[in-house]
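Single-structure report; data block below.
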2 protein chains.
Amino acid sequence: MTQKDDFQLQGFLPYLLNQAAEESSLAFQRIYKDRYGMLRTEWRVLFHLGIYGTLSAKEIGERTKMHKTKISRAVAKLEERRLLTRQRDEADRRLEYLTLTAAGQAAYVDLRSVAKEYDAGLAEQFSPEDIAKLRQMLRHLARMT
Amino acid sequence: MTQKDDFQLQGFLPYLLNQAAEESSLAFQRIYKDRYGMLRTEWRVLFHLGIYGTLSAKEIGERTKMHKTKISRAVAKLEERRLLTRQRDEADRRLEYLTLTAAGQAAYVDLRSVAKEYDAGLAEQFSPEDIAKLRQMLRHLARMT
DNA sequence: TCTTGTTAGTTACAAAATCAACCGTTAACA
DNA sequence: TGTTAACGGTTGATTTTGTAACTAACAAGA
């Protein structure tokens, strides 16, 4: 209970970033979980395919920095639920191209609109300049510059 | 591969925050893991006790927003490694007060100095005003205002 | 051709997180 | 009191993640 030293955990960036990330993901998580039974890994894959169209698992890995086993499992789940299909590349048979089905597209479009609204709700708590600055700094910290 | 729509995942705050949090925790994680075999839950408990002195598990939960089972298991591990001790509250026998041992204090002091340096390394990538603003916004998003 | 190495992706097993049920203790109140 | 609910904390079962080893396919050089 007693203050023992002056280190501020609330100022430590990795901690602060984690808390902010967790808190800010909570309500959105509930939506994709309740509505589609998805995990974080799964909506990420879904969004990448929704945004970029057909991609291989490898390309998704490069873009998300998720480990390949996570992607493999997320893809398997999404395929099982008929939200995406795979197509083997005949020129290089190690590769599989992943594409959303109509149902997958629909799920993506739905969740995308939720995400847009959700993001706007977060952003409106700050001035447009501050939010722009925040995004820029986060991209830099995430090495997504 | 084809651009299919204009939604920017790189602008979606929950995603961006997660990526930044993950990336910025990586090197620090390696240190507490390699040096003390700790998990994220464990260094968080250690830091809270190091900073605030004696706390109950419940108080740690309020401060960290970690689930009580996580705390229970982290505390058990830290006790097992003789980094903290428990003392039952005789007035309310449900409560246990947790305090770092000398070894726990030493681990805390060591990791705190690592954290300070680490944080400084992150912070110096931006101007002091920008970093202050970032911290403030993150605290707000984390509801730690 | 025949290694040897690398790559895309999967699988098996261990470690960790989550969730619900649980125990002992205290509080509320009929 | 006696009974019921709430609380602090733990445990066990299930789910999810992480780590390594694996398969199948391709590539490069001798």
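Below, chain A is the first sequence line, B the second, and so on; all start at residue 1.
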Donor-acceptor pairs under 3.5 Å, side chain of residues 137-145 of chain A to any protein atom, not counting sequence neighbours: which ones?
| from | atom 1 | to | atom 2 | distance (Å) |
| --- | --- | --- | --- | --- |
| A:Arg139 | NH1 | B:Gln10 | O | 2.9 |
| A:His140 | ND1 | B:Gln125 | OE1 | 3.4 |
| A:Arg143 | NH1 | B:Glu23 | OE2 | 2.7 |

*asked:* Using the ring centroid of each side chain, check whether A:Trp43 and A:Phe28 are separated by less than 6.0 Å.
replied: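 Between A:Trp43 and A:Phe28, the centre distance is under 6.0 Å.
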
*Would you say the ring centroid of B:Phe7 lies under 6.0 angstrom from that of A:Phe47?*
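When the ring centroids of B:Phe7 and A:Phe47 are compared, they turn out to be within the sub-6.0 Å range.
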
_Inter-end axis angle, the helix from C:dT1-D:dA30 to C:dA30-D:dT1, with every axis fitted to five base pairs (rounded, 10 degrees)_ =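 End-to-end axis angle: 10°.
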
*Are B:Arg93 and B:Glu90 ion-paired here, with the side-chain N under 4.0 Å from a carboxylate O?*
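Yes, this pair counts.
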
*May I ask you to decide whether A:Arg81 forms a salt bridge with A:Glu42, counting only side-chain N to carboxylate O separations under 4.0 Å?*
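Salt bridge: yes.
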
Gap between atoms [atom1] and [atom2], on [X] and [N] respectively (whole Å):
{"X": "B:Met66", "N": "C:dC19", "atom1": "CE", "atom2": "P", "value": "15 Å"}
{"X": "B:Arg40", "N": "C:dA16", "atom1": "CZ", "atom2": "P", "value": "12 Å"}
{"X": "A:Ile60", "N": "C:dT7", "atom1": "CD1", "atom2": "C1'", "value": "17 Å"}

*Which part of the nucleic acid does B:Ala74 contact within heavy-atom distance under 4.0 Å: base, sugar-phosphate only, or nothing?*
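The residue B:Ala74 makes no contact with any strand.
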
*Could you say whether A:Thr41 or A:Arg93 is positioned toward the 5' end of DNA chain D, judged by the nucleotide with the nearest heavy atom to each?*
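Here A:Thr41 is the residue nearer the 5' end.
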
_Treating primed atoms plus P, OP1 and OP2 as sugar-phosphate and everything else as base, which nucleotides of nucleotides 7-16 of chain D get B, S or - for protein heavy atoms under 4.0 Å?_
BSBBBBB--S

_Counterpart residues, side-chain contact (heavy atoms from CB on, under 4.5 Å), relative to A:Glu96 (two or more places apart)_ =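 Partners of A:Glu96 under the side-chain contact (heavy atoms from CB on, under 4.5 Å) test: A:Arg86, A:Arg88.
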
_Within residues 127-136 of chain B or reaching into it, pairs that qualify as salt bridge (Lys or Arg N to Asp or Glu O under 4.0 Å) - sequence neighbours excluded_ =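 Sorted result for residues 127-136 of chain B: A:Asp130-B:Lys133, A:Lys133-B:Asp130, B:Asp119-B:Arg135.
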
*Provide the full list of salt bridge (Lys or Arg N to Asp or Glu O under 4.0 Å) pairs with a residue in residues 26-35 of chain B, sequence neighbours left out, each pair given once.*
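Salt bridge (Lys or Arg N to Asp or Glu O under 4.0 Å) check on residues 26-35 of chain B returns B:Arg35-B:Asp110.
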
